[in-house]
Amino acid sequence: QVQLVESGGGLVQAGGSLRLSCAASGRPFSSYTMGWFRQAPGKEREFVAAIRWSGDITVYADSVKGRFTISRDYAKTTVSLQMNNLKPEDTAVYYCAAVDTISVPRISGRYDYWGQGTQVTVSS
């Protein structure tokens, strides 16, 4: 089992920045691909970004490419999402997810473990 706990959400004005963190515990963190997803009210959960277990491959949704950066710290067993130039349409609950695979999936159903989510609200 892997336990994931997100933090760092909040309220920010458009154009501002936030940094989300996901603390992982349980099975070896280093062997898992980690992803971030988000879900806005009335919408389906959507892929945001993911990073391979080795850290050598990162994948982003087109809507956040160039603004968001995913990274992982093996010593602290955390994965972070730096979000810059935030837009009102980025408002959502953001979830951290993990899966034991060498690939970097974009589909939420491929992930086995999920955090409880953290709210990000961007005001215009």
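The closest side-chain heavy-atom distance from E46 to Q39 is not below 4.5 Å. Under the 4.5 Å side-chain criterion, counting only non-hydrogen atoms from C-beta, P88 is not in contact with Q13. Inter-residue side-chain proximity for Y32 and D112 is flagged as unmet; no heavy-atom pair is nearer than 4.5 Å. Looking at L81 and R19, their side chains never come closer than 4.5 Å, going by heavy atoms from C-beta outward. Contact check for T118 versus Y95: no side-chain heavy atoms found under the 4.5 Å cut-off. Looking only at side-chain heavy atoms (C-beta outward), F47 and I107 stay at 4.5 Å or farther from each other. Counting only heavy atoms from C-beta outward, the side chains of V79 and E6 never approach each other to under 4.5 Å.
Listed by chain and residue number, L11, T91, Q119 satisfy the side-chain contact (heavy atoms from CB on, under 4.5 Å) test with T121 (two or more places apart in sequence, or in another chain). Listed by chain and residue number, nothing satisfies the salt bridge (Lys or Arg N to Asp or Glu O under 4.0 Å) test with E89 (two or more places apart in sequence, or in another chain). When the side chain to side chain donor-acceptor pair (under 3.5 Å) test is applied to N84, the partners found at least two apart in sequence or on another chain are S17, Q82. Listed by chain and number, the residues in a side chain to side chain donor-acceptor pair (under 3.5 Å) with S25 are Q3 (sequence neighbours excluded). Every residue two or more places apart in sequence or in another chain that forms a salt bridge (Lys or Arg N to Asp or Glu O under 4.0 Å) with K65 is listed here: D62. In terms of the side-chain contact (heavy atoms from CB on, under 4.5 Å) criterion, residue partners of V120 (sequence neighbours excluded) are, by chain and number, L18, L20, M83, Y94, V122. Not counting sequence neighbours, the partners of R67 by the salt bridge (Lys or Arg N to Asp or Glu O under 4.0 Å) test are D90. Under the rule for a salt bridge (Lys or Arg N to Asp or Glu O under 4.0 Å), R72 has no partner lying at least two apart in sequence or in another chain.
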| query | Where do M34 and L4 land on the side chain to side chain contact (heavy atoms under 4.5 Å, CB included) test, with the steps shown first? | reply | CA-CA 10 Å; M34 304 296 296; L4 305 173; 3.8 Å; yes
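I102 belongs to a hydrophobic cluster with W53, counting contacts under 4.5 Å between side-chain heavy atoms of Ile, Leu, Val, Met, Phe, Trp and Tyr, direct or through other members.
Checked by atom type and distance alone, the side chain of T58 never pairs as donor or acceptor with a backbone atom of I51 at under 3.5 Å. Remark: the backbone N or O of A24 is paired with a side-chain donor or acceptor of T77 at under 3.5 angstrom. Y60 places a side-chain N or O within 3.5 Å of a backbone atom of I70 that can act as its donor or acceptor partner. A donor-acceptor pair is defined here as one N or O able to donate and one able to accept, closer than 3.5 Å; no such pair exists between the side chain of T33 and the backbone of V104.
Across A14 and S124, no two heavy atoms sit closer than the pair CB-CA, 4.4 Å.
There is no path of hydrophobic side-chain contacts, each under 4.5 Å, that joins V5 to V93. Tracing side-chain contacts under 4.5 Å through hydrophobic residues (I, L, V, M, F, W, Y), one reaches V64 starting from V12; they form part of the same cluster.
Screening residues 22-75 for disulfide bond (SG atoms under 2.5 Å apart) gives C22-C96 as the qualifying pairs, with residues at least two apart or on separate chains. Sequence neighbours left out, not one pair with a member in residues 95-107 passes salt bridge (Lys or Arg N to Asp or Glu O under 4.0 Å). Sorted by first then second residue, the ring pair (Phe, Tyr, Trp, His ring centres under 6.0 Å) pairs that include residues 101-124, not counting sequence neighbours, are F37-Y111, F37-W114.
In this structure, the separation between NZ on K87 and OG on S63 is 8.5 Å, given to the nearest 0.5 Å.
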